[in-house]
Every structure is written in C-alpha cells, then in structure tokens.
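Structure first, commentary second.
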Amino acid sequence: MPELPEVETVKNGLISHIINKKISSIKINIDKLRYAIDKDKFSEIVNLKVREIQRRGKHLIIFLNDDLQLIVHLGMSGVIKIESKKNYSFKKHDHILIEFEEEILIYNDTRRFGYWLINNNKAPLNHKVLVNHGVEPLTEDFNSEYLARKLKNSSKKIKQAIMDNSTVVGVGNIYASEALFKSNILPTRISKTLSKKEITKLVHAIKEILKIAIEQGGTTLKDYKNTEGKPGYFSQKLNVYGRAKQPCYICKSEIKSEVIGQRNTYFCTKCQK
DNA sequence: ACTTATTCCTGCGTGC
DNA sequence: TGCACGCAGGAATAAG
C-alpha cells in the first residue's frame, strides 16, 4: 500500500517523466473514486502543461498552468504508471488515463479509496484535504519539542496519536507499530505519560524508519517503471508488523497483537514498556 | 470540543 | 472445488 515513502517514490518517478509535458487528452472511466470525479473540471486541464510536482503527507500535488493543480491521494491500492502510449492496453481498474505526447499516465485503483481533485486556488495547501495536516516527519519541524507539545494533554493511546495526521503526516499503521517497537514504547501507552526521553526516542525512530523505507522505495520505482511494483518490498525490514505469535527478533518472546482504534497493532511486551 | 465508530471497496485467506 | 464470510487499509464523516 502506498505510504509516505512510496508516494515520495511515485513523485520522483513522475517528475522524471511528465514535467513540462503537455496534456493532450484525458479519459475517465469511472464516476466516483473516494469522491465523485468532476469530469467537466477535468476537461479544463487538457492542453495544460505540468509545471511542478510536490508531496504533502500522502498526497501528490501536480501543479499545472493557469493556477490549476491536481491533488491526488492513492488511498490504499492506487497505482500510478507511466507507459508509452503505443504499449498501453486497458486493464481492470484503470480509472483515469492522462495522455501526453508520447506517454500515458495510468491511474489504477482496485479498491477505489484514492481520489483525484482539481484545485484552482493559488494556495493548494489550504485545500480542505490538506489544511489540517501536521508537520512533515522528515523535516526539522518534527522534533521532540513539537511532539511533546502535541502529546502534553492527550489521553489518546500513543499509537493513535502518531497516526493522527494533525500530529504528524505519513505515519501509517505499519510504521506506527514499527516505530514504537524501535523506541521500546508500548502502543497502548497514554500519550501524556511519555517521558521527554521516550518522546525523543520515538521522534528519531519515526524518522529513521521512514528514511529506510524511502530507500527501499527506490526499488519500487524500478518495478513501477517496468511492469507492476512488487508489494511488500519493505516487509523484510519489519520487526513486529504482521508477526503475531512469532518470536521477537531481539528477545525471542512472542509478538502480541491487539486491535487499537480499529487497527491491528503488533508489539513485544518484553522489549516495549 | 473531544473521542470513538462507521463507511467506502475489492481481493485474498480461511473454514465449511 | 466452490461458496460464504471476514478482514485489510486511510481518513472523512457520523455518532457518541
């Protein structure tokens, strides 16, 4: 599933293909993904050029001429592929096709949790899907002082707190479990009970895990350019996620799982306190 | 103003 | 072998 590191990888892949390229046509094969698709608005982007592509959290912002932007979220099964137009053949769940002079951008999304929005505001970061985003985890804005301030009065469980996009963006279910394991903190801990030292450790763990995942994302980019990305490229690096009842790599005791906030959570009760 | 549950969707794994 | 069922995931929205 596309997490922050994969969205970053997709962004880099797109930059190398479609920057300064003109959209020659658009084909939309569906009325609604996560949100309804405004086909009239989409028709307005034909003949515009792609100027810049940014990532914010798990969103891609594709800047076009005329102060228009595409705001894209891949949901959990969204895949963007670039192919040569002459090689393209329709596949199941190919919902959006954007043609350039020689290449075609294909948006395929099995579960349709993703969305494509057109924004004509000059400040896309103020769009409702982005405006409540907290800090980016890989910037200096995400530091122990910031997180301590966010957690100070929170009675949420720490895992839910770090998965909340208004705290920090991009920490999904997998990375939350992994970061808490790496920082030796139980996911069930109440946020405001964390010590300064634990918060510092957690901040570093989140940054490190996302960085490693982005490095793995380089591999995904290659796959994505060839045919289809191999899912689970990061799975070899996972210490606890999906490993219930298996031995902890550190202490050999059994990894536990528990549902926290409707999400499966994995942890080691010996390594994490 | 909070927190917690529900909702969207398809494919896959499990059990009968 | 086939079918029914439940689960997985992000995050807006509804409900508490």
Side-chain angles (χ1 to χ4, degrees), chain A residues 1-10 28-38 55-61 71-80 90-96 107-117 119 125-137 149-179 187-193 206 209-210 213 220 228-235 238 240-246 255 257-266:
Chain A
M1 66 231 71
E3 299 278 341
L4 183 149
E6 293 182 43
V7 178
E8 181 72 17
T9 304
V10 170
I28 295 171
N29 298 320
I30 197 168
D31 293 329
K32 174 178 174 289
L33 291 163
R34 176 72 173 81
Y35 301 119
I37 294 178
D38 190 333
R55 179 188 59 75
R56 176 74 172 112
K58 294 169 189 164
H59 290 84
L60 290 168
I61 309 174
I71 299 178
V72 181
H73 194 297
L74 302 176
M76 84 152 275
S77 57
V79 174
I80 292 178
F90 177 83
K91 289 174 198 66
K92 198 176 179 183
H93 306 303
D94 281 355
H95 302 308
I96 296 178
Y107 181 68
N108 183 291
D109 189 348
T110 306
R111 265 160 271 189
R112 318 212 296 261
F113 279 20
Y115 49 84
W116 285 64
L117 304 171
N119 182 56
L125 294 177
N126 289 333
H127 191 281
K128 66 169 185 175
V129 299
L130 297 171
V131 73
N132 291 323
H133 275 26
V135 299
E136 286 286 332
R149 198 161 60 241
K150 282 282 185 182
L151 300 181
K152 194 169 62 180
N153 297 315
S154 174
S155 49
K156 274 185 193 166
K157 290 175 177 138
I158 184 60
K159 187 197 178 221
Q160 290 172 286
I162 59 173
M163 283 181 68
D164 185 336
N165 276 335
S166 67
T167 305
V168 57
V169 295
V171 182
N173 198 38
I174 294 171
Y175 296 127
S177 279
E178 292 298 315
T188 47
R189 286 275 301 283
I190 300 302
S191 298
K192 61 188 171 192
T193 70
I206 289 170
I209 281 170
L210 290 177
T220 298
E228 46 197 0
K230 288 179 189 168
Y233 67 97
F234 187 68
S235 63
L238 296 177
V240 286
Y241 186 83
R243 299 196 61 245
K245 296 179 180 173
Q246 296 176 46
I255 299 294
S257 69
E258 185 180 316
V259 174
I260 297 177
Q262 281 63 54
R263 293 286 171 262
N264 253 327
T265 307
Y266 301 87

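Chain identifiers are assigned alphabetically (A, B, ...) following the order of the sequence lines, protein sequences preceding nucleic acid strands; residue numbering begins at 1 within each chain.
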Q: Mind listing the closest non-hydrogen atom pair of A:V135 and A:R56 along with its distance?
A: C-NH1, 4.2 Å

Q | A:K156 with A:D164: basic N within carboxylate O range, under 4.0 Å | A | yes

Q: Could you check whether A:G172 gets within reach of a base, just the sugar-phosphate, or nothing at all, counting any heavy atom under 4.0 Å?
A: sugar-phosphate

Q | Atom pair distance, as rounded to whole Å: NZ in A:K156 and C1' in B:dT3 | A | 8 Å

Q) Between B:dT6, B:dG11, B:dT10, which nucleotide has the shortest distance from any of its atoms to the side chain of A:Q262? A) B:dT6

Q. Hey, which of these two, A:K32 or A:K92, hits DNA chain B nearer its 5' end, going by closest nucleotide?
A. A:K32

Q) Where the side chain of A:H93 is concerned, which of B:dC8, B:dT3, B:dT10 is the nearest nucleotide? A) B:dT10

Q: Grab the CZ-C1' distance between A:R34 and B:dT6 for me, whole Å please.
A: 11 Å

Q: Taking atom types as modelled, find out whether A:N173 and A:K159 have a side-chain donor-acceptor pair closer than 3.5 angstrom.
A: yes

Q: Return the minimal non-hydrogen interatomic distance between A:D109 and A:R112, and the atom names on each side.
A: OD1-N, 3.0 Å

Q) Quick one: A:R112 CZ to B:dT7 P, roughly how many Å, whole number? A) 18 Å

**Q.** Polar pair under 3.5 Å, donor/acceptor by atom type, side chain A:R263, base C:dG10
**A.** yes

Q. OP1 or OP2 of C:dA11 sitting under 4.0 Å from any side-chain N/O of A:K58?
A. yes

Q | Stacking of A:F113 on C:dA11 base (centres under 5.5 Å, planes under 30°) | A | no

(Q) Does B:dC8 have OP1 or OP2 under 4.0 Å away from a side-chain N or O of A:R111? (A) no

Q: Grab the CE-C1' distance between A:M76 and B:dG11 for me, whole Å please.
A: 10 Å

Q: Tell me what A:D109 touches on the nucleic acid: a base, only sugar-phosphate, or nothing, going by heavy atoms under 4.0 Å.
A: nothing

Q. Between atom CG in A:L151 and atom P in B:dC2, what is the gap in whole Å?
A. 15 Å

Q. Around atom NZ of A:K91, are there more than 12 heavy atoms of other residues, nucleotides or ligands at under 6.0 Å?
A. yes

(Q) Under 4.0 Å, heavy atoms only, any strand: does A:K157 hit a base, just the sugar-phosphate, or nothing? (A) nothing

**Q.** Atom-pair distance (NE2 on A:H95; P on B:dC8), nearest Å
**A.** 17 Å

Q.
With a 4.0 Å cutoff (strictly under), does any side-chain N or O of A:H73 reach OP1 or OP2 of C:dG10?
A. no

Q: Check the distance between C:dA11's P and A:Y35's OH and give it to me in whole angstrom.
A: 10 Å

Q) How many Å lie between CG on A:D31 and P on B:dC8, as a whole number? A) 17 Å

Q. To the side chain of A:N173, which of C:dA12, C:dG10, B:dT10 is closest?
A. C:dG10

